[in-house]
A.B. asks: 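Pasting in a structure now, in structure tokens, and then I'll have a few things to ask.
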Amino acid sequence: MDIFAIRRQNLMLLAGNYDSQQALATALDRDESQISRYARGRGRIGHQFARHIEKSLQLSNGWMDIIHTPSRLDPNPLRDSLEQFISSSPSPALAATIANLLTLLSDNK
């Protein structure tokens, strides 16, 4: 996994601590569109922005560059991210497939 994939994964992990991408964007003093772009993998989180995230969220220097795993599996951030993707997906077929998968997973609880 390259550094950009690690940073994206960590951004998604951090996003799970917020009610919305807008809330995370506000905490980082950035536009939601920028956070959304990184979350979708449409941009690379560079060194300068990684350090900005760490400073803004009072994380240790280099935190964004290390693989972190959640202490427990919380499906809510993933479900929220998938629901946001469904509502903004340019591919109706892919959005429908993901929506069906979420329904199946919810039914199997």
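Note that this is a predicted model, so its numbers are computed, not measured.
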A.B. asks: What is the distance from atom OH of Tyr18 to atom CG of Leu57, rounded to the nearest 0.5 Å?
C.D. replies: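 Spacing of OH (Tyr18) from CG (Leu57) equals 4.0 Å.
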A.B. asks: So, taking the atom named CG in Leu24 and the one named CE in Met12, what distance separates them when rounded to the nearest 0.5 Å?
C.D. replies: 9.5 Å
A.B. asks: Which heavy atom of Gly46 sits nearest to which heavy atom of Arg7, and what is that distance?
C.D. replies: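 Between these two residues, the closest heavy atoms are C-NH1, 3.2 Å.
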A.B. asks: Tell me whether the count of non-hydrogen atoms from other residues, nucleotides or ligands lying under 6.0 Å of CG in Asp2 goes above 12.
C.D. replies: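 Yes, enclosed.
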A.B. asks: Heavy-atom count around Arg30 CZ within 6.0 Å, excluding the residue itself: above 12?
C.D. replies: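 Yes, enclosed.
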A.B. asks: Is there a continuous path of hydrophobic side-chain contacts, each under 4.5 Å between heavy atoms, that joins Trp63 to Leu28?
C.D. replies: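 Yes, one cluster joins them.
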A.B. asks: Nearest 0.5 Å, please: how far is CD1 in Ile53 from CG in Leu14?
C.D. replies: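 Separation between the atoms: 7.0 Å.
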A.B. asks: If you measure from CZ on Arg37 to CZ on Arg42, what distance do you get to the nearest 0.5 Å?
C.D. replies: 10.5 Å
A.B. asks: Answer yes when Arg51 and Asp65 have at least one side-chain N-carboxylate O distance shorter than 4.0 Å, and no when they do not.
C.D. replies: yes
A.B. asks: Could you tell me the separation between the CG atom of Leu11 and the CD1 atom of Ile6, rounded to the nearest 0.5 Å?
C.D. replies: 14.0 Å
A.B. asks: Could you state the interatomic distance from CD1 (Ile3) to CD1 (Ile66), rounded to the nearest 0.5 Å?
C.D. replies: 8.5 Å
A.B. asks: Looking at every non-hydrogen atom in both residues, tell me the closest pair between Ala27 and Ser56 and how far apart they are.
C.D. replies: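 Between these two residues, the closest heavy atoms are O-CB, 3.9 Å.
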A.B. asks: Is a donor from one side chain sitting under 3.5 angstrom from an acceptor on the other, for Arg40 and Ser36?
C.D. replies: yes
A.B. asks: Are the side chains of Gln34 and Phe49 in touch, meaning some heavy atoms are under 4.5 Å apart?
C.D. replies: yes
A.B. asks: Does some side-chain heavy atom of Met64 sit less than 4.5 Å from a side-chain heavy atom of His52?
C.D. replies: no
A.B. asks: Work out which heavy atom in Ala50 is nearest to a heavy atom in Ile45; give both atom names and the distance.
C.D. replies: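 Minimum heavy-atom contact is N-CG2, 3.9 Å.
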A.B. asks: Report yes or no: does Glu54 contribute a side-chain atom to a donor-acceptor pair with the main-chain N or O of Gly62 at less than 3.5 Å?
C.D. replies: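 Confirmed, Glu54 side chain pairs with Gly62 backbone.
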